[in-house]
Amino acid sequence: MPELRKKYPFDKIEPKWQRYWAEHKTFAPRDDSAGKKLYVLDMFPYPSGAGLHVGHPEGYTATDIYSRFQRMRGCNVLHPMGWDAFGLPAEQYAIDTGTHPSITTRKNIDNFRRQIQMLGLSYDWDREVDTTDPGYYKWTQWIFLQLFNSYYDPELEKAQPIALLQDALAETPQRQDEWKDNPFLAGTRKGFFGKSEVGARDLVRQLFIPKMRLAYESEVPVWWCEGCKAVLANEEVNADGTCDRKGHKEVYRRPLRQWILRITKYADRLLKDLELVDWPESIKEQQRNWIGRSEGAEVDFKTEAGDRLRIFTTRPDTLFGATYMVLAPEHSLVEKVTPAQQRAAVDAYRTNAATKSELERTQLEKEKTGVFTGGYAINPVNNEKIPIWVADYVMMGYGTGAIMAVPAHDTRDFEFAKKFGLEIRTVVQSPAGIDPQGFTGDGTSVNSGPITGLPTPEAKKKITAWLEEKKLGKPTVQYKLRDWLFSRQRYWGEPIPIVHCPEHGAVAVPERELPLQLPEMKDYTPAGNAEPPLAKATDWVNTKCPQCDAPATRETNTMPQWAGSCWYFLRYIDPHNDQAFVAKEKEKYWMPVDLYIGGAEHAVLHLLYSRFWHKVLFDLGHVSTPEPFMKLVNQGMILGEDNQKMSKSRGGSNVITPDDVVRDYGADALRMYEMFMGPLEATKPWNTQGLEGVYRFLGRVWRLYCNEDGTLILDDSEPSAALLKALHQTIKKVGEDTDTLAFNTAISQMMIFVNEVTAQEKRPRKLLEPFVLALAPYAPHLAEELWEKLGHKQTLAYEPWPAFDEALLKEDTVTIILQVNGKLRDRLDVPAQISREDLEKIALANERVQEHLAGKQIKKIIVVPGKLVNIAAS
RNA sequence: GCCCGGGUGGCGGAACGGCAGACGCAUCGGACUUAAAAUCCGAAGGUGAGUUAAAUCACCGUGUGGGUUCGAAUCCCUCCCCGGGCACCA
């Protein structure tokens, strides 16, 4: 905006009040207040070098308005901000320039803080957290050790200290009292000592116990991105096989030793506890899909050679329709079932499948492929011999890596069978008019021995019970959710606090040695051979075993960026505590988070991972709630004026920066405009003229109270009844709408009020003083300034929200609409108390109504008191 | 392909099953001004009738087609389009 006279002195007012709030620590809540506690949280940002984007203030303003409003309603509000500061860009910059990532990070944080503070958000800045601060990541490491030192007890269905398991398997247990009533531990001990010989027990302990930990090591094929020189998590690989971070194309699997978190043990609870939270249904649905629970049965087929071939199916009722089997190319039985004459073809297929990139396997590969192994399996329900195929449409990672194919009732099997000329046998009767071949819905079993004639759900139950009785199968639940690949081959992340000892294996760094800090380094480049950069810091790597003091080496993998954000909301509660990650009583007071606002891009991962960590901490007694976030709202995206995503790569022409907007229009205008654009959850385009409209409104408010020179012009006249009513309507609507986050309509109501008062000569203080309070959550700087001009010496942040008088809102007369056959024909003002009968009489006597009733017969008269009369006639 | 959202003026959007289009933008007209900006006041869904101009009136209108209802933007079904997510998960 070029040299335009400001409509009101926001450039003086805003810095003034921001200084006041900071100096008075206005927004510091108390940990022991009598008021109702309220924890209002924003998803903390990654402080990128690009700075704040207009999308950020949208969510921040929403939580800020809500927080300010609730403070005025007497709530004790915790509203903090911090930085999710580990991340690749700072490390990449370090590789390119040698600048330590902490320097880049600090600089970016300073810039983000400056930008956020410029918006006048009511954070308690004394609680700021930074995930890269050793004082913070000390506790991230501590939580990792909680996971490492726990196992999931299948009987108790919760995490338990691994020490109990170790004790239960010890030659001379010390803590029997603690586990003798635990069926899992007592049972495990019984089985262990029953089977293993003394000499073998140590070996079994060494192998078994580490695998039971919630954080465990495993050699797994992982996604390696050649471009990033880093391992990617499953969720960082796009469906088309490219890298989700930078779009690199060379992404393939390679085996690597990795730290894994056993999130799958929590699959059921993560699914079930979604019922406890007030989240958008779409987010819940995405989490449910991600967890991907499906109930079915494992069924044991036999190969001709007599090997057990176990499959998973969700449709055991279609067992009689199985006409072939499919093994994943990686399945261990493939070799065994393949006779010599088929070996060449099968090997060729498997090699080909292994080298195929994910891109080819999912995108280009629409046609099904596979080869016949030459081997056969026996169907346990009818002893029929059916061929075994290998095909890559069956994946090793899900179920058992093998299926029974029922082409008549499974789309994939159907396609495959048609292509290779395999038998398609109908065993489910479809509803009339639908082809049973390829019918995948529920119907009635046919040609299925004992379950013939049963509807699908019952058929499933009966056949599963039969299988179980014959020890041929059992009901099973499968999940799509995989364990969480937790390690990264990167420098700029939390070091994993583990020491590798030749004698004792992976040993936890003792708690008193935390934080385990990152070493200083000169060179941050990865070796490129999957050795993390930390491996080069030999002084740091070489250490002693915490258990036996023998030479040992430190873990050189670091944690992923998700780690710090899994629990930051807990640290805000007690950010400077160096004895605990959060003090128990404070956690109990503040948790759970009452309102959490952020982008929908975190619908699955961040929210699922935080929930998982939270449940582990809950099981171990460190936190008091099973779920961390009670109400969740996703703010919508803000598009550029061209209706496109704002992006620098588009030449930056459509990017609006908060700095420019605040400079030209002020923070209050930016805040209000972002809220006025439309519903919080909606995606909506930026429009600078719209911003100016809101800015004009703030100017109108200013002029309502002040002269050109800023002197107050209010008077002590009695406001008219009409204006008093307008004020009370406004207070009511703004209160209700703010409470339900309907900020756009709250602002409309304030505009209506200001328009009405502007039209009057008088400026009654009785009207305009309460209005300042209603405006305050939205335009806090302007409101504080006016409040001060009105003679108040203290911030209005804790002034009680103005009450509205219901009696003033009552209408003496109401406008009634008259309809004939549902069409509006006239409207008239009548006393509010009018009786139905009178209303009906008036309506029938109405001239316009009479016109439209001419020549018609009245069939029915609907009277809605206070609203309308509708006459149905024909 | 499947699962979520969503389609309302020129634009952003309002509207407990009961006056469609609040509020804002853009537009047009007026006041103020030498003039402009700023500000203030006012008009405005479309089509047609009416009239010097109005007032006024009728019909049509919430993606499409159907249904429920005295009455549907709102509830139910069909289809179309847009946005987001998942994608051989057995």
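Chain letters run A, B, ... following the sequence lines, proteins first, then strands; residues in each count from 1.
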Quick one: which of [options] gets closest to the side chain of [X]?
{"X": "R827(A)", "options": "rC40(B), rC19(B), rA22(B)", "result": "rC19(B)"}
{"X": "R848(A)", "options": "rA38(B), rC57(B), rA90(B)", "result": "rC57(B)"}
{"X": "I862(A)", "options": "rA90(B), rU39(B), rG18(B)", "result": "rG18(B)"}
{"X": "L824(A)", "options": "rA20(B), rA90(B), rC70(B)", "result": "rA20(B)"}
{"X": "A872(A)", "options": "rA38(B), rA90(B), rC70(B)", "result": "rC70(B)"}
{"X": "Q689(A)", "options": "rA38(B), rC16(B), rA26(B)", "result": "rA26(B)"}
{"X": "N289(A)", "options": "rA90(B), rA58(B), rC3(B)", "result": "rC3(B)"}
{"X": "N870(A)", "options": "rG71(B), rA90(B), rC40(B)", "result": "rG71(B)"}

Does [N] have a Watson-Crick or wobble mate here (both distances under 3.5 Å), and if so which one?
{"N": "rA15(B)", "value": "none"}
{"N": "rA43(B)", "value": "rU27(B)"}
{"N": "rU68(B)", "value": "none"}
{"N": "rC2(B)", "value": "rG85(B)"}
{"N": "rG21(B)", "value": "none"}
{"N": "rC57(B)", "value": "rG48(B)"}
{"N": "rA38(B)", "value": "none"}

Would you say [X] has more than 12 foreign heavy atoms packed within less than 6.0 Å of its [atom1]?
{"X": "Q857(A)", "atom1": "CD", "value": "no"}
{"X": "K762(A)", "atom1": "NZ", "value": "no"}
{"X": "E295(A)", "atom1": "CD", "value": "no"}
{"X": "K284(A)", "atom1": "NZ", "value": "yes"}

Glycosidic conformation of rG9(B), taking syn as within 90° of 0 and anti otherwise: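 Chi for rG9(B) falls in the syn range.
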Is E674(A) paired with K684(A) through a side-chain N to carboxylate O contact shorter than 4.0 Å?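 So K684(A) does not pair with E674(A) through a salt bridge.
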So does R288(A) pair up with E285(A), basic N to acidic O under 4.0 Å?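 Yes, R288(A) and E285(A) are salt-bridged.
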For [N] versus [M], give the span between their [atom1] atoms, rounded off to a whole number of Å.
{"N": "rG66(B)", "M": "rC60(B)", "atom1": "P", "answer": "15 Å"}
{"N": "rG67(B)", "M": "rC86(B)", "atom1": "P", "answer": "40 Å"}
{"N": "rA38(B)", "M": "rG45(B)", "atom1": "C1'", "answer": "31 Å"}
{"N": "rG48(B)", "M": "rU74(B)", "atom1": "C1'", "answer": "30 Å"}
{"N": "rC77(B)", "M": "rU56(B)", "atom1": "P", "answer": "42 Å"}
{"N": "rA73(B)", "M": "rA58(B)", "atom1": "C1'", "answer": "23 Å"}
{"N": "rG10(B)", "M": "rG21(B)", "atom1": "C1'", "answer": "14 Å"}
{"N": "rC79(B)", "M": "rG84(B)", "atom1": "P", "answer": "23 Å"}

Between [atom2] on [N] and [atom1] on [X], what's the gap in Å once rounded to a whole number?
{"X": "E761(A)", "N": "rC41(B)", "atom1": "CD", "atom2": "P", "result": "12 Å"}
{"X": "F697(A)", "N": "rC25(B)", "atom1": "CZ", "atom2": "P", "result": "11 Å"}
{"X": "L839(A)", "N": "rG18(B)", "atom1": "CG", "atom2": "P", "result": "17 Å"}
{"X": "E851(A)", "N": "rC59(B)", "atom1": "CD", "atom2": "P", "result": "11 Å"}
{"X": "E295(A)", "N": "rA90(B)", "atom1": "CD", "atom2": "C1'", "result": "15 Å"}
{"X": "K860(A)", "N": "rG71(B)", "atom1": "NZ", "atom2": "C1'", "result": "10 Å"}
{"X": "W702(A)", "N": "rA38(B)", "atom1": "CH2", "atom2": "P", "result": "21 Å"}
{"X": "K823(A)", "N": "rC59(B)", "atom1": "NZ", "atom2": "P", "result": "5 Å"}

Over 60° means perpendicular and under 30° means parallel, so classify the ring planes of F10(A) and Y695(A), tilted if in between.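 Perpendicular: the ring planes of Y695(A) and F10(A) meet at over 60°.
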Assign the ring pair F416(A) / W389(A) to parallel, tilted or perpendicular, where the plane angle (0 to 90°) is split at 30° and 60°.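 F416(A) and W389(A): perpendicular rings.
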Is the terminal nitrogen or CZ of R611(A) (NZ for Lys, CZ for Arg) located under 6.0 angstrom from the six-membered ring centre of W290(A) and within 45° of that ring's axis?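 No, a cation-pi geometry is absent between R611(A) and W290(A).
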5' priority, RNA chain B, between G693(A) and T313(A) [closest heavy atom]: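 That would be G693(A).
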Starting from the 5' end of RNA chain B, give me the residue, I403(A) or Q286(A), whose nearest nucleotide shows up first.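 It is Q286(A), whose closest nucleotide lies nearer the 5' terminus.
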Do the side-chain N or O atoms of [X] get closer than 4.0 angstrom to the phosphate oxygens (OP1, OP2) of [N]?
{"X": "R703(A)", "N": "rC40(B)", "result": "yes"}
{"X": "K284(A)", "N": "rC4(B)", "result": "no"}
{"X": "R696(A)", "N": "rC25(B)", "result": "yes"}
{"X": "R825(A)", "N": "rA58(B)", "result": "yes"}
{"X": "H852(A)", "N": "rA58(B)", "result": "yes"}

What's [X] touching, base or sugar-phosphate or nothing? Going by heavy atoms closer than 4.0 Å.
{"X": "N755(A)", "value": "sugar-phosphate"}
{"X": "S282(A)", "value": "sugar-phosphate"}
{"X": "T411(A)", "value": "nothing"}

How far apart are the C-alpha atoms of Q749(A) and T730(A), what are their side-chain angles, what is the distance that settles it, and do they pass the side-chain hydrogen bond (donor to acceptor under 3.5 Å, both in side chains) test? CA-CA 6 Å; Q749(A) 181 60 42; T730(A) 301; 3.1 Å; yes
Classify the side chain of Q819(A) and the base of rG18(B) as holding, or not holding, a donor-acceptor pair under 3.5 Å.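 Pair found.
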Is there a donor on the side chain of K859(A) or the base of rC70(B) sitting less than 3.5 Å from an acceptor on the other?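 Absent.
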Taking N or O atoms only and anything under 3.5 Å, show me the protein contacts with nucleotides 7-15 of chain B, one pair per line.
| residue | atom | partner | partner atom | Å |
| --- | --- | --- | --- | --- |
| rG12(B) | O2' | M677(A) | O | 2.6 |
| rA14(B) | OP1 | N744(A) | ND2 | 3.0 |

Do we see a donor-acceptor contact under 3.5 Å between the side chains of N687(A) and Y673(A)?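 There is no such pair between these side chains.
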Can you confirm whether I597(A) sits close enough to L680(A) that some side-chain heavy atom of one is under 4.5 Å from a side-chain heavy atom of the other?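 Yes - at least one pair of side-chain heavy atoms lies under 4.5 Å apart.
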